[in-house]
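Worksheet for the structure shown next.
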Amino acid sequence: MYESFYNLSENPFGMTPNPRFFYKAAGHRGALAYLAYGIFGRKGFLALTGEVGLGKTTVIRAFVGTFHPCLEVAFVLNTKVGFEEMLYMFLHDFGCSVHGSSKVEMLTTLNDFLIRSYAENSNPVLIIDEAQNLSADVLEELRMLSNLETDNQKLIQIVLVGQPELETVLSRSELRQLRLRIPRIHKMQNLTQEEVGQYIRFRLSVAGSSNGRLSFASDAQEEIFRYTQGIPRLINLICDRALFHGYRHRTDVIGKEMIEESIKDLRHPASFWNHDGYTEQSA
Ligand SMILES: Nc1ncnc2c1ncn2[C@@H]1O[C@H](COP(=O)(O)OP(=O)(O)O)[C@@H](O)[C@H]1O
Ligand SMILES: [Mg+2]
């Protein structure tokens with residue numbers, strides 16, 4: 001809606017995952033380094049946590065996008081499933097044919113696959129997103145999978161990715177054996193105030209705002225940081241609304257009052273539809 005007014009080639013604050021918009025804040029770089037250390041060092045189990053909307057899934061996608069030629073990756077998103085369904089899903093991702101197989105047959109298929117991968121020097125990685133939803137039983141079965149190893153190497157690397165509650169789940173006494181397998185849980189850091197400003201400028205420039213005409217005033221950036229605590233999903237929501245308000249006021253400088261208005265919109269979504277300048281087509 002505001003893109004043509006600001007001469008942008010696309011929406012700078014869209015939610016669709018797009019590697020071109022990936023901004024490497026220190027927290028994201030730290031998470032990438034942790035994944036590289038654990039996966040290439042064949043540490044067996046890894047756990048990555050962070051607030052909702054911080055960019056955990058984005059980081060995983062960036063990691064896989066960069067390293068997929070030297071990894072065999074299975075990516076499980078739906079964690080509200082039992083172990084057998086999950087086994088089926090990730091064997092399928094690994095390219096194994098398991099249609100109609102029993103659990104024992106699937107485990108044999110996995111074993112054969114891992115031994116073959118080892119012989120071919122490839123590195124199978126199972127990534128489970130939203131892992132805070134996994135039941136203790138499923139987590140325990142996953143631990144058993146990591147028993148598949150040679151004398152000095154794990155045959156499969158398992159990465160648990162989840163919200164901060166994942167840490168609470170892993171600290172439960174019935175999961176202590178699993179917890180002992182995880183060398184270190186990595187907690188991803190939120191963006192700092194300075195990074196929030198850089199993130200906004202980066203996204204604007206990727207979307208084509210190269211001449212710097214469009215900008216966020218420094219008190220507007222402070223207000224965004226205060227409200228979002230450096231969570232990209234919230235930053236995107238606020239900035240998208242703020243550009244709409246900027247467009248309504250026909251201004252190139254997004255001021256603090258537009259951020260406050262945007263925060264109000266998010267708190268009371270109904271008020272958003274009442275703004276002048278909003279039309280069905282511009283939605
Ligand atoms: N480092 C980043 N660079 C650019 N955009 C990001 C980054 N991290 C997160 N985002 C944006 O924030 C939104 C939420 O990210 P996501 O990875 O889904 O968070 P999480 O998985 O932690 O809940 C995504 O739409 C993504 O576009
Ligand atoms: Mg996610």
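Starting from 1, each residue takes its place in the sequence as its number. When a ligand or atom number is given, it counts from 1 through the structure's own listing order.
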- Query: Is the charged tip of Arg201 near the ring of Tyr199: under 6.0 Å from the six-membered ring centre and within 45° of its axis?
  - Reply: no
- Protein residues near ligand 1, heavy-atom distance below 4.0 Å? Met15, Phe21, Phe22, Tyr23, His28, Glu51, Val52, Gly53, Leu54, Gly55, Lys56, Thr57, Thr58, Tyr199, Arg203, Pro232, Arg233, Asn236
- Cation over ring, Arg203 on Tyr23, under 6.0 Å and within 45°? no
- Classify the ring geometry between Tyr88 and His92 as parallel (under 30°), tilted (30 to 60°) or perpendicular (over 60°). parallel
- State whether a side-chain donor-acceptor pair under 3.5 Å links Asn147 with Arg181. yes
- Query: Could you walk me through whether Val161 and Ile128 pass the side chain to side chain contact (heavy atoms under 4.5 Å, CB included) check?
  - Reply: CA-CA 6 Å; Val161 182; Ile128 304 176; over 6 Å; no
- Is Arg29 reaching over with its side chain to a backbone N or O of Lys24, donor-acceptor style, under 3.5 angstrom? yes
- Message: Less than 2.8 Å away from the Mg ion (ligand 2), how many protein N/O/S atoms can be counted, ignoring water?
- Response: 1
- Message: Between Glu130 and Gln132, is there a side-chain donor-acceptor contact under 3.5 Å, judged purely by atom types and distance?
- Response: yes
- Ring centroid separation Phe90 to Phe75 under 6.0 Å: no
- Message: Just by distance, no angles: are the side chains of Asp252 and Tyr6 close enough, under 3.5 Å, to form a donor-acceptor pair?
- Response: no
